[in-house]
Amino acid sequence: MAWARVSLWAVCALRVALATVYFQEEFLDGGDGRRLGGGASRPPPRPAPCTLGPLTRAVPAERWRNRWVPSTNDSRLGHFRLSSGKFYGHKEKDKGLQTTQDSRFYAISVRFPPFSNKGRTLVLQYTVKHEQKMDCGGGYVKVFPADLDQRTLSAQSPYYIMFGPDICGFDLKKVHVILQFKNEYHANKKSIKCKVDGFTHLYTLILRPDLTYEVKIDGQSIESGSTDSDWHLASLRKSEQAVAPGLDPGRAETAQDWEKHFLDAGTSKPSDWNSELDGDWPGPMMQKPPYQDGLKPEGIDKDIWLHEKMTSTSCLTQYDLSEFENIGAIGLELWQVRSGTIFDNFLLTDDEEYAENFGKATWGQTKGPEKEMDDILVKEEVARAREEDEDELLAGRGHGPQGAFHRFHRQKEL
């Protein structure tokens, strides 16, 4: 029994050790050296203690710009910077791409060696922090084909996957899960709610080869199901079948079709039939009984229709909704009214356990200290606002309920 337990542990450890990491980005050294691609195998990440102390090594500045390519499609596009924001769990570990200009479109991407997830699990994961308390704007990412033109990236650029939160007013607070199928985009028909606070959250999308999927937020499963049903894939397959090569899409069984001749499967080839001299044995033909709507013909247990042969029998199974042949880039293409969102800890892998451990080693280590720092800053701002109100009252310039303390709380509500 002990040997069996050891063997099981060894198998599990080997499975994680052989996880394929297509892309990984933490911006720990300014953006250079943390990128993986081409199916690199990585051991599982191990969580490290999170401290708020300074780094002991020099960090190269702005090296992420050597790889992340901003679109030049429009001069009015907003700019990104590397920042951990006003509050954080670790000043360096929490650095990510931050939007900097209000009421702008943003477009930036990074390329990696292309791969296909056909027959394999695909896990897309990243963190997003709406420090500015998002009022209207996107926090999602897009996965692109390898032939993406990064310099002209825009809303019209074809993509494979669009995943992540989108917020606008009180009506739109959802997680998008949009997949490309046959050059068309199909959204998950379920309503998946996103986080709306100002803290960092971990978003995970898992697409499995058995046509199941799962959406996680902060490591917790919030939605799952089948791509067959949750993307109306059944209707898509019927549409494909209707136009399959070798078939007439408008053909239906009618009284005219009923009157076909078909082979009598109950007979066999005569023993004296010589195929070389006489050719292929045609077999006796039978006439189908008169057509009656809703009734099957009687007296015929087996029959073989003289049907049209399909030129392709794999046209429906060649690619599924969650399989993509040429994945080669990931990026941000979105609009924000109020800027300040931070994107970090990007990951594309084929291993769910690796993604889970990576989330624990990154977001899992800094989420607690991040909230602690925010609490400290809030208390300091409250104390400052009260002092300002007291000073105004002493000077005879009190504003009653409109003092600094009241104005501070109104800002926090917004």
Side-chain angles (χ1 to χ4, degrees), residues 23 25-27 30-32 34-35 61-88 91-92 94-112 124-144 148-169 171-176 178 185 194-203 329-346 370 411 414:
F23 177 75
E25 173 70 274
E26 300 172 67
F27 300 105
D32 181 53
R34 296 302 300 173
R35 167 190 171 195
E62 301 298 294
R63 297 178 71 175
W64 64 274
R65 295 186 186 276
N66 295 334
R67 298 190 298 103
W68 286 82
V69 179
S71 174
T72 56
N73 185 61
D74 192 324
S75 60
R76 296 167 295 179
L77 289 172
H79 298 290
F80 287 94
R81 68 181 176 188
L82 202 63
S83 173
S84 52
K86 297 177 181 178
F87 60 94
Y88 41 79
K91 187 173 183 180
E92 297 300 330
D94 283 347
K95 280 186 177 180
L97 295 179
Q98 184 180 43
T99 56
T100 62
Q101 296 167 284
D102 294 343
S103 300
R104 294 291 183 98
F105 285 99
Y106 291 86
I108 194 170
S109 62
V110 59
R111 193 182 300 280
F112 45 82
L124 167 60
Q125 184 171 277
Y126 72 107
T127 57
V128 59
K129 174 187 178 185
H130 293 311
E131 184 178 77
Q132 74 279 32
K133 300 290 183 65
M134 176 66 73
D135 51 355
C136 188
Y140 43 80
V141 300
K142 290 182 177 181
V143 176
F144 299 95
L148 170 72
D149 186 344
Q150 294 178 274
R151 289 296 183 184
T152 62
L153 175 60
S154 69
Q156 284 69 48
S157 299
Y159 63 88
Y160 285 143
I161 303 171
M162 174 174 157
F163 170 65
D166 196 6
I167 301 171
C168 198
D171 298 328
L172 181 61
K173 298 176 181 179
K174 69 177 294 184
V175 177
H176 287 295
I178 301 175
Y185 299 111
C194 65
K195 299 290 185 179
V196 296
D197 56 52
F199 297 107
T200 301
H201 293 286
L202 179 71
Y203 284 82
I330 189 171
L332 307 169
E333 188 285 308
L334 43 85
W335 160 268
Q336 290 193 343
V337 172
R338 191 187 300 177
S339 63
T341 300
I342 299 174
F343 301 87
D344 194 10
N345 301 313
F346 296 90
E370 179 186 74
Q411 290 177 349
L414 295 175

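For the pair T99 (side chain) and T341 (backbone), a donor-acceptor distance under 3.5 Å is present. A donor-acceptor pair under 3.5 Å is absent between the side-chain atoms of R151 and the main chain of N73, judged by distance alone. In terms of modelled atom types and a separation under 3.5 Å, the side chain of S109 and the main chain of G331 share no donor-acceptor contact.
Across every non-hydrogen atom of D102 and V337, the tightest pair is CB-O, 3.2 Å. Across all non-hydrogen atoms, the minimal contact from E370 to T200 is OE2-OG1, 2.6 Å. In terms of heavy atoms, Y126 sits closest to P165 at OH-CD, 3.2 Å. The shortest non-hydrogen separation linking Y106 to S339 is OH-CB, 3.8 Å. Y203 approaches C194 most closely through the heavy-atom pair OH-CB, 3.5 Å. The two atoms that bring L97 and I108 nearest to each other are CD1-CG2, 4.4 Å, heavy atoms only.
Between K91 atom NZ and S83 atom OG the span is 9.0 Å, to the nearest 0.5 Å. Rounded to the nearest 0.5 angstrom, Q336 CD and Q132 CD are separated by 5.5 Å. Between D166 atom CG and K174 atom NZ the span is 8.5 Å, to the nearest 0.5 Å. Distance check: Q150 CD to T72 OG1 gives 11.0 Å after rounding to the nearest 0.5 Å. The CZ atom of R111 sits 12.5 Å away from the CH2 atom of W68 when rounded to the nearest 0.5 Å.
Residues V110 and W64 form no side-chain contact, since every pair of their non-hydrogen atoms from C-beta on lies 4.5 Å or further apart. In this structure the side chain of Y88 never reaches within 4.5 angstrom of the side chain of K95, judged on heavy atoms. Side-chain contact between L77 and P70: absent, with no pair of heavy atoms (C-beta onward) separated by less than 4.5 Å. Residues L124 and I330 are in side-chain contact: their nearest non-hydrogen atoms beyond the backbone lie under 4.5 Å apart.
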Please tabulate, for the side chains in residues 134-142, all donor-acceptor contacts under 3.5 angstrom to protein atoms that are two or more places apart in sequence or on a different chain.
| unit_1 | atom_1 | unit_2 | atom_2 | d |
| --- | --- | --- | --- | --- |
| K142 | NZ | E333 | OE1 | 2.7 |

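Donor-acceptor pairing under 3.5 Å is lacking for the side chains of E92 and S84.
With sequence neighbours excluded, the residues forming a side chain to side chain contact (heavy atoms under 4.5 Å, CB included) with N345 are E26, T127, F358, T362, listed by chain and number. For I342, the side chain to side chain contact (heavy atoms under 4.5 Å, CB included) partners two or more places apart in sequence, or in a different chain, are Q98, K129. With sequence neighbours excluded, the residues satisfying salt bridge (charged side-chain N to carboxylate O under 4.0 Å, His left out) with D74 are R76. In terms of the side chain to side chain contact (heavy atoms under 4.5 Å, CB included) criterion, residue partners of T100 (sequence neighbours excluded) are, by chain and number, H79, R81. Evaluation of the side chain to side chain contact (heavy atoms under 4.5 Å, CB included) rule for I178 yields Y159, M162, H176, Y185, A187 as partners, not counting sequence neighbours.
Using bins of under 30°, 30° to 60° and over 60° for the plane-to-plane angle, the ring pair F343/F346 lands in the parallel bin.
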